Chemist: 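Shown below is the structure under consideration.
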Amino acid sequence: MRELKYEFSEIEKKWQAKWLEVKPFAASNQSDKPKFYGLIEFPYPSGEGLHVGHPRPFTAMDIICRKRRMQGYNVLFPIGYDAFGLPTENYAIKNHIHPKIVTHRNIARFRSQLQMLGYSFDWDREIDTTAPDYYKWTQWIFLQLYQKGLAYKATMPVNWCTSCKCVLANEEAVNGVCERCGAPVVRKEKSQWMLKITEYAQRLIDDLDDVDYIERVKIQQRNWIGRSTGAEVNFDTTAGDKLRIYTTRPDTLFGATYMVMSPEHEYLRRWADKLDNWDEVAAYMDAAARKSDFERSELNKEKTGVELKGVRAVNPVNQKEIPIFISDYVLASYGTGAIMAVPAHDTRDWEFATKFRLPIIEVVKGGAKSVQEEAFTDCETGVMTNSEFLNGLSVEDAKSAIVKYMEEQGLGESKVNYKLRDWVFSRQRYWGEPIPMVFCDTCGWVPVPEEQLPVLLPDVESYEPTDTGESPLSKMTDWVATTCPHCGGHARRETDTMPQWAGSSWYFLRYMDPDNGEALASKEALAYWSPVDWYNGGMEHTTLHLLYSRFWHKFLYDIGVVPTKEPYHKRTSHGMILGEGGEKMSKSRGNVVNPNDIVEQYGADTMRLHIMFIGDFEKAVSWSNEAVKGSKRFLDRVWNLGESCADSLEQTPANEAGIHKTIKKVTADIEELKFNTAIAAMMGLVNDFYANGCTKGDMKPLLLLLSPFAPHIAEELWELLGFAASEGAMACRQGWPVYDEGKTVEQEVTLAVQVGGKLKATVTVPMDSEQDTVVAAAMTDAKVAKLSEGMELVKIILVKNKLVNLIFKPKA
RNA sequence: GCCGGUGUGAUGGAAUUGGUAGACGUAGUGGACUCAAAAUCCACCGCUGUGAAAGGCGUGCCGGUUCGAGUCCGGCCACCGGCACCA
């Protein structure tokens, strides 16, 4: 008997100190072993510290990486901090502390919390996006984008958060409110740096075919990019200009009974003197401009619009004259900003036509109701009608036929459109990377020369955003005033900073070679580690960080900086941790669980184990303080086995099959993110050990299987049972246990016996018994025998080692 | 409206992908140990039924395929997430 209590607190401190000292998790940039790069989304170091949302994905990847090391891989599992951002800045404003100081404090806190949980990060590769030698390279990438024409300045209506006093990306404005603070978002004309992500739209779709992302991520990205194929068609107008429209249904061209332009369309002002009702039109344009996006979409149940009196369009295929309207249901920013309206086959056009009593002409037949009652929008079943040479064709055939005709006649051509918009890249805030551009009155925008990077973020007196919509940096006149790198004349620095997403768009590259002063990472390091083998992160980043970083990576690939087209080979995602009632955790509900409390009460191993045991990793689960005890109890039971097991290094025969089965299950389950059932299997094995008795030989594989999940207790018992002494190393440096398929099967199996498909009995027979043996054994069962009286056995279905189903019928 | 996902005991969740539904855990019940409690160990634990059995019912609802359906097909309902006047 080894009599030592499971003092988790001391044990965990001991091993954490040892890992920091011995560095068993340091990755090497040169190795004969196969490489594995496991990545988690680096945290934003908020003032609140780690919350329970963090340990779930972190522990999962830690388990995978610990297992990979034991399987003989050279593993890179790094950590860093995505530390630029608004919460830190807002805290700094409120408390008059420099954001730099706040950030350092928060990072220190995060670091100690992450170490407290025993993660096997390579701490020598820690990065911080706010460090000048890091953001130097963020700025460098921006300069490359600028040089290739992918960064440009444009004045355009942008999403403006009224509370943050800052521009938001499309992706950050959710339902008319700011994703971060919830304040209303309004439209504002501003001159902004933009990144041409749209240039990569098709490749961002196509290359999804070559990566191993979970399907819902691929689907969500494809939907977000929103590719559609259709045609652009020119309509003559009585004003003389050709009005160009985009449609995905060129087949319905004969059904176009009017046209609609967006209120922002450039022709409108040009046509002012031709319009009899210009006052009315101008009033509508004004009203539309004043509406926020939210008002334009959400509140717009009823369609509104104004007819242009004095200008009409001509349908190019039948020369019919049709009216033109303006309406805010047509968006200026998509397609050409104008549409042909086919009310018979588009619900929005139908609503508008009904309200304005415009003709509805059926050109596709097959709808359940008349098109006067309901638009028929189905493309699969319809047949063309009222469309001259298209009549009788299917919708698909009609599309190709009309496009071919239009291209021959010079009326229009096929066209692909995307919903994806260019990325608004400027923020009027302090705590971000300065955009390395200078404006010279004579030369215009001039990039800061690479050798002058980084453009350091200067210290300012106040971080308050200005009401004029300019960055706090604009008040730093000394810093703003500079000389033009081109002509040497007076120039002003760009005072906007980059968005939060900049630093995180390439951070995984920096981990490969974090101290490089010459490049964002060396060619060798990039060649060795690229791509990230497995990246796990939240679904909320699918159309933000994940898309942005794929875009940057493709660009870096194009200019020869990185060796792979895609940054991440595999992408998985975890579900959220909800509060006890299945509700979102929030301060206001008071159901927030602090990992520190759990670690203090039960230990880091219990915390890790429980967060993985709690339910399906990919789905949302609710936290239960009560249930944590079960995981702690399991570790106590393992500890007690370690104290009481027999000294023999032989395995107990009764445990053998269970051990091999468990190795098989845990090995496979980790790969499939089924941590909960892996843990259940280990619990089952421990229950067997209690029932059958156990030896050191039985404990050995159990401890190795447990070590990625609960590394501290595993190391301690490994040492205590003498394995470390006799084999000279920590558990984390052992080989991953292997199973013998032959030993996973039992000698005897219990089969279900069904009669007519209903379970009536079970019978135990030797493994792999043939049908005759099984049936004979089944018939010895009293219940089965009784059911077979006076019956004839007409059919036997045998599923080997599982079940036998006997079908009887009355004897004739 | 469109695109994903989910629905299983008191409860968190399992189920080798068509083969013994409820593994593993929590809560609960009974017992052992203890002066006692906690902890620990052992047993029971879907509903109904009975003295105990037998039997019947049971994976959101209705129908279908099959020797056999939580799993497949058709039609609904509810909840969660994403997108949303993108022509």
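In this text, all values refer to a predicted model and were calculated from it rather than measured experimentally. Lettering follows sequence order; numbering is per chain, from 1.
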Chemist: Between A/Ser228 and A/Asn417, is the side-chain hydrogen bond (donor to acceptor under 3.5 Å, both in side chains) condition met? List the steps.
Modeler: CA-CA 5 Å; A/Ser228 69; A/Asn417 259 324; 5.6 Å; no
Chemist: With a cut-off of less than 4.0 Å, is there a side-chain N or O of A/Ser228 near OP1 or OP2 of B/A87?
Modeler: yes
Chemist: In terms of side-chain heavy atoms of A/Leu803, which of B/C67, B/G19, B/A14 is nearest?
Modeler: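 The closest nucleotide is B/G19.
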Chemist: Base, sugar-phosphate, or nothing: which does A/Val621 touch, judged by heavy atoms less than 4.0 Å apart?
Modeler: sugar-phosphate
Chemist: For atom C1', what is the distance between B/U48 and B/A37, given to the nearest Å?
Modeler: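 It works out to 38 Å between them.
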Chemist: Nearest whole Å is fine: how far is B/C83 P from A/Tyr418 OH?
Modeler: 21 Å
Chemist: Looking for any heavy atom pair under 4.0 Å, which part of the strands does A/Thr247 touch: base, sugar-phosphate only, or nothing?
Modeler: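 Here A/Thr247 touches the backbone only, sparing every base.
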Chemist: Using atom C1' in both nucleotides, what's the gap between B/G4 and B/G22 to the nearest angstrom?
Modeler: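 So the two C1' atoms sit 28 Å from each other.
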Chemist: Verify whether one side chain among A/Asn536 and A/Thr572 offers a donor that lies under 3.5 Å from an acceptor in the other.
Modeler: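 Their side chains do contain a donor-acceptor pair, which is all the 3.5 Å distance test asks for.
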Chemist: Which sits closer to the 5' end of RNA chain B, A/Lys802 or A/Gly756, going by the nucleotide each is nearest to?
Modeler: A/Lys802
Chemist: Between B/A87, B/G82, B/G19, which one does the side chain of A/Asn805 approach most closely?
Modeler: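 Comparing B/A87, B/G82, B/G19 against the side chain of A/Asn805, the answer is B/G19.
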Chemist: Whole angstrom is fine here: how far is it from CD in A/Glu374 over to C1' in B/G1?
Modeler: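 After rounding, the reported distance stands at 13 Å.
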Chemist: Using the P atoms only, state how far B/U65 lies from B/G74, rounded to an integer number of Å.
Modeler: 15 Å
Chemist: When you measure from the centre of the six-membered ring of A/Tyr602, is the NZ or CZ of A/Lys632 closer than 6.0 Å and no more than 45° off the axis?
Modeler: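 Judged by the rule, A/Lys632 and A/Tyr602 form no cation-pi pair.
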Chemist: Under the side chain to side chain contact (heavy atoms under 4.5 Å, CB included) test against A/Thr252, which residue among A/Asp349, A/Asp346, A/Val363 passes?
Modeler: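 With A/Thr252 as partner, side chain to side chain contact (heavy atoms under 4.5 Å, CB included) holds for just one option, A/Val363.
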Chemist: Nearest to the side chain of A/Thr750 - B/U20, B/C3, B/G13?
Modeler: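 Selected nucleotide (nearest to the side chain): B/U20.
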Chemist: In this structure, how many angstroms lie between the P atom of B/A87 and the CG atom of A/Asp328, rounded?
Modeler: 17 Å
Chemist: From C-beta outward on A/Ala627, which listed nucleotide comes closest to its side chain: B/G19, B/U26, B/C83?
Modeler: B/U26
Chemist: Please report the distance, rounded to the nearest Å, between CD in A/Glu215 and P in B/U6.
Modeler: 14 Å
Chemist: Ignoring hydrogens and angles, answer whether the base of B/G19 and the side-chain atoms of A/Gln754 contain a donor-acceptor pair closer than 3.5 Å.
Modeler: yes
Chemist: From the list B/C67, B/G19, B/G25, which nucleotide is the closest neighbour of the side chain of A/Lys795?
Modeler: B/C67
Chemist: Would you indicate which nucleotide in B/G25, B/A14, B/G19 comes nearest to any side-chain atom of A/Asn676?
Modeler: B/A14
Chemist: Check the phosphate of B/A23 against A/Lys661, side-chain N and O only, distance under 4.0 Å to OP1 or OP2. Yes or no?
Modeler: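 For B/A23, OP1/OP2 do not have a side-chain N/O of A/Lys661 under 4.0 Å.
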Chemist: Can a donor-acceptor pair be found between the side chains of A/His541 and A/Glu41 at a distance below 3.5 Å?
Modeler: yes
Chemist: May I ask you to say what A/Ile807 touches in the nucleic acid, namely base, sugar-phosphate or nothing, with a heavy-atom cut-off under 4.0 Å?
Modeler: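 It contacts sugar-phosphate atoms only.
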Chemist: Between the protein and nucleotides 40-49 of chain B, list every N/O to N/O distance that falls short of 3.5 Å.
Modeler:
| unit_1 | atom_1 | unit_2 | atom_2 | d |
| --- | --- | --- | --- | --- |
| B/C41 | OP1 | A/Arg637 | NH1 | 2.6 |

Chemist: So do the side chains of A/Leu358 and A/Pro343 get within less than 4.5 Å of each other, counting heavy atoms only?
Modeler: no
Chemist: In whole angstrom, give me the gap between the P atoms of B/U11 and B/C47.
Modeler: 12 Å
Chemist: Within this structure, what is the NZ-to-P distance between A/Lys629 and B/A38, rounded to whole angstrom?
Modeler: 11 Å
Chemist: Do A/Trp350 side-chain atoms and A/Val371 backbone N/O form a donor-acceptor pair below 3.5 Å?
Modeler: yes
Chemist: Could you tell me whether the phosphate oxygens of B/A87, OP1 or OP2, come under 4.0 Å of any side-chain nitrogen or oxygen in A/Tyr329?
Modeler: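 For B/A87, OP1/OP2 do not have a side-chain N/O of A/Tyr329 under 4.0 Å.
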Chemist: Determine the interatomic distance between C1' on B/C62 and the same-named atom on B/G13; round to the nearest Å.
Modeler: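 Comparing C1' positions in B/C62 and B/G13 gives a spacing of 28 Å.
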Chemist: Has the side chain of A/Thr336 got a donor or acceptor atom that lies under 3.5 Å from a matching backbone atom of A/Arg244?
Modeler: yes
Chemist: B/G5 C1' sits how many Å from A/Ile214 CD1, rounded?
Modeler: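 Roughly 11 Å, once rounded to whole Å.
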Chemist: Using O4'-C1'-N9-C4 for purines and O4'-C1'-N1-C2 for pyrimidines, with syn meaning within 90° of 0, is B/U17 syn or anti?
Modeler: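 It is syn.
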Chemist: Please state the P separation for the pair B/C79 and B/C41 - nearest whole angstrom.
Modeler: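 These two P atoms come out 44 Å apart once rounded.
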Chemist: Decide, for B/G81, between syn and anti: a glycosidic angle within 90° of 0 counts as syn, anything else as anti.
Modeler: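 Chi for B/G81 falls in the anti range.
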Chemist: I'd like to know whether A/Phe352 forms a ring-ring contact (aromatic ring centres under 6.0 Å, His included) with A/Tyr258, so could you lay out the CA-CA distance, the side-chain angles of the two residues, the decisive distance to 0.1 Å, and finally the verdict.
Modeler: CA-CA 10 Å; A/Phe352 190 89; A/Tyr258 64 102; 5.5 Å; yes
Chemist: Sticking with atom P, work out how far B/G70 lies from B/G19, rounded to a whole angstrom.
Modeler: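 Per the computed distance, 10 Å lies between those P atoms.
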Chemist: For A/Lys674, which contact category applies under a 4.0 Å heavy-atom criterion: base, sugar-phosphate, or nothing?
Modeler: sugar-phosphate
Chemist: Locate the shortest heavy-atom distance separating A/Glu264 from A/Ala332; write the atom from each residue and the value.
Modeler: OE1-CB, 3.6 Å
Chemist: Assign A/Ile797 to base, sugar-phosphate, or nothing according to its heavy-atom contacts below 4.0 angstrom with the strands shown.
Modeler: base
Chemist: Have a look at A/Glu626 and say if it touches a base, only the backbone sugar-phosphate, or nothing, with a 4.0 Å heavy-atom cut-off.
Modeler: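 Contact class for A/Glu626: sugar-phosphate only.
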Chemist: Atom CZ of A/Arg216 to atom C1' of B/C80: distance rounded to whole Å?
Modeler: 12 Å
Chemist: Side chain of A/Val799 only, heavy atoms from C-beta on: which candidate in B/G25, B/A87, B/G19 is closest?
Modeler: B/G19
Chemist: Are A/Tyr334 and A/Ser262 close enough that a side-chain donor and a side-chain acceptor fall under 3.5 Å?
Modeler: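 No - no donor-acceptor pair under 3.5 Å links their side chains.
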Chemist: Take atom NZ of A/Lys758 and atom C1' of B/A21, then tell me their distance rounded to the nearest Å.
Modeler: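 Atom-to-atom, A/Lys758 to B/A21, this comes out as 15 Å.
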Chemist: Which pair of non-hydrogen atoms, one from A/His345 and one from A/Thr377, has the smallest distance, and what is that distance?
Modeler: O-CG2, 3.5 Å
Chemist: Looking at A/Lys619 and B/U6, is any side-chain donor or acceptor paired with a base atom of the opposite kind under 3.5 Å?
Modeler: no
Chemist: Using the P atom as the point on both nucleotides, what is the distance between B/A10 and B/G46, in whole Å?
Modeler: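 Taking atom P in both B/G46 and B/A10, they lie 10 Å apart.
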Chemist: Given that A/Ile614 and A/Leu751 both sit by RNA chain B, which one's nearest nucleotide is further toward the 5' end?
Modeler: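 Here A/Ile614 is the residue nearer the 5' end.
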Chemist: Indicate the ring-plane relationship of A/His574 and A/Phe617, choosing parallel, tilted or perpendicular according to the 30° and 60° boundaries.
Modeler: tilted
Chemist: Counting a pair only when it is Watson-Crick or G-U and both distances are under 3.5 Å, which runs of at least 3 such pairs involve RNA chain B?
Modeler: B:1-7 with B:77-83, B:10-12 with B:24-26, B:28-32 with B:40-44, B:46-48 with B:55-57, B:60-64 with B:72-76
